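Predicted model, so just to flag it, every value in this text is computed and none were measured. Indexing begins at 1, ligand by ligand and atom by atom, following the structure's order.
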Amino acid sequence: MPYDYIIVGGGPAGCVLANRLSADPSIKVLLLEAGGSDWNPLFRMPAGFARMTKGVASWGWSTVPQKHLKGRVIWYTQAKVIGGGSSINAQLYTRGNAKDYDAWVTDAGCKGWSYREVLPYFIRSEDNQRLVNAFHGYGGPLGVSYPVNPPPISFAFLRAAQELGIPFNADFNGAVQDGIGHYQLSTRDAERSSASSAFLKPVRDRKNLTVRLNAQTLRVEIEKGRAVGVTIAQASGTESLRADREVIVSCGAIGSPRLLQLSGIGPADALKSAGVSVVHDLPGVGDNMQDHLDLYAISECTGDHTYDRMARPHRTVWAGLQYLLFKTGPVTSTLFETGGFWYADKKARSPDIQFHLGLGSGIEAGVAQMKNPGVTLNSAFLRPRSRGTVRLANADPKAAPLIDPNYWAEPYDRECALKGLRLAREILRQPALKPFVLAERLPGDSLKSDEELAEYAYRSCKTDHHPAGTCAMGTGPEAVVTPDLKLRGIEGLRIVDASAMPFVPSCNTNAPTIMVAEKASDIILGKQLLPPAEI
Ligand SMILES: Cc1cc2nc3c(=O)[nH]c(=O)nc-3n(C[C@H](O)[C@H](O)[C@H](O)COP(=O)(O)OP(=O)(O)OC[C@H]3O[C@@H](n4cnc5c(N)ncnc54)[C@H](O)[C@@H]3O)c2cc1C
């Protein structure tokens, strides 16, 4: 049966598109996801995040050795499950800075994507538990709420940051991004609000929407310069599926350039050296990769102030019961629910450092677990100048791609990241945290110079999981898609996901991706939400 639209990739972007496009019963939509279902309750529990960077529902990829990090290979979690990253992420709901989107217009030529023009799409998707004003709304599919019961150490952290001169901010997604506070979370009633549970589940019984799981797309089929369908892997061989109107690729910032290259769309030289026949030479595919790199300080606590205490079995059982019976307690925590935005470069146009307070140690893959209870403070530099690539290792669709974020290729990124790490250490040393924090364990008091801290970073840094920009929209020769997300040079093919962002926003990237897909669905359907007269 031919479909009107085939959406490849059931992550945040794919789920939003499936919902919005199939709202018209005359449009037949197929959503294809390589991963499986999210039925397991672990996906719904906010604290399930503690398992999510350690291989659950992920493709199992790593970066190539990082040239500017002394050859370090970094574990690179990318979701493989319906809902994509929104089913395994830390559920922080952040939109970034208004100037991020304004720069999409002024610096990348993406007409129509200014903050004023995208704000209505953030609001349309939102079901905010608390806030209704010029920046927020309720009644949309995506649950947004504040942490249920943050522990005392997180409030001490807020006071400590203020002692250092960083102001309190009750809403990073409002008029001002700067400051420290509790994050809004993509949760509703103490459960994860993933794109799957928010956008897909409520419309699964639409007769014009088909969702196929465990269906990895092997290539987009191009005939006479037009995308006409896809070929997917099946237990016994392959299957071809036709799209009458469009194929929409929403496989994420790694998956989308990977699928395009497997389909023969990308830089001709790179395709040839991977053994793929060139269908359409498009140099920007897989270029312009941006990501946020996390450095962190870990301190030992004076007592059981964080969820490291849950390591003891009787406490885990009690926390489970508390959650099941009352929807309160540690399981309601995403473990990273406090933090904020501040400056490494005082001349920066808007905050360029983001903090995430980790309520424990060893929460994420590769991060040290302390013997005694600990607290972690991540700091990520938000506007990297380094640019990386996503390439194929070979023509085999099962092979892992070559992911090269090229972290710290630009010395400015290293300089700002180290300033961010110093700020994180300073916050943890402020008087307000003294009753909670015994001593810094990582990097450790003895490491002071930039060189020593850089050596520590080479050993310990990790991705903040925000790849973007690898099929960037724009108007220049490197642009992969036009500002209406059409692939340049092929008819009937759009790219809609984090890969289409020309610059990674200064925040976590789930809400911005959902916004991109919300706006894309209107572009596809020929509709438009009007921007507010003023904000
Ligand atoms: C561990 C982790 C923690 C994060 N924490 C946060 C956070 O707290 N807050 C936040 O805002 N952001 C966070 N992010 C980032 C956020 O989740 C991503 O920006 C967002 O998921 C990107 O959405 P996407 O639709 O572009 O791609 P993805 O989420 O990557 O979804 C793409 C989907 O396409 C599927 N796919 C790929 N290739 C194929 C193929 N060939 N055929 C079929 N299907 C395919 C994948 O399996 C996947 O399900 C986190 C991400 C990770 C991984």
Options Arg258, His292, His465, ranked by nearest heavy atom to atom 51 (C) of ligand 1, top entry: His465
Lys80 heavy atom under 4.0 Å from ligand 1: yes
Check: His465 main-chain N/O paired with Gln78 side-chain donor or acceptor under 3.5 Å: no
Part of Leu92 within contact of ligand 1 (heavy atoms, under 4.0 Å): both
Intermediate values then yes/no, salt bridge (Lys or Arg N to Asp or Glu O under 4.0 Å), Arg212 and Glu239: CA-CA 12 Å; Arg212 289 182 62 174; Glu239 183 182 347; 2.8 Å; yes
Non-hydrogen atom of Thr94 closer than 4.0 Å to ligand 1: no
Side chain, backbone, both or neither: Ala517 near ligand 1, heavy atoms under 4.0 Å: neither
For atom 46 (C) of ligand 1, the option (of Ala79, Ser196, Gly252, Gly85) bearing the nearest heavy atom: Ala79
Student check: side-chain heavy atoms of Pro384 and Val504 closer than 4.5 Å: yes
4.5 Å side-chain heavy-atom contact, Thr482 and Met473: no
Proximity of Asn508 to ligand 1 by residue part, where a heavy atom lies under 4.0 Å: both
Any Ala215 heavy atom less than 4.0 Å from ligand 1: yes
Distance filter under 4.0 Å to Thr53 heavy atoms, resulting ligand 1 atoms: 1 (C)
Identify all side-chain donor-acceptor contacts of residues 1-12 below 3.5 Å with residues at least two apart in sequence or on another chain.
residue: Asp4; atom: OD2; partner: Lys28; partner atom: N; Å: 2.7

Nearest candidate to atom 18 (C) of ligand 1, where distance is taken over non-hydrogen atoms, out of Val516, Leu262, Thr509, Val8: Thr509
Distance, nearest 0.5 Å, that separates OH of Tyr121 from CE of Met515: 10.5 Å
Ligand 1 contact on Phe336 by region, counting heavy-atom pairs under 4.0 Å: neither
Ion pair check, Arg242 and Glu223, cut-off under 4.0 Å: yes
Cationic tip of Arg258 above Trp59 ring, under 6.0 Å, 45° of axis: yes
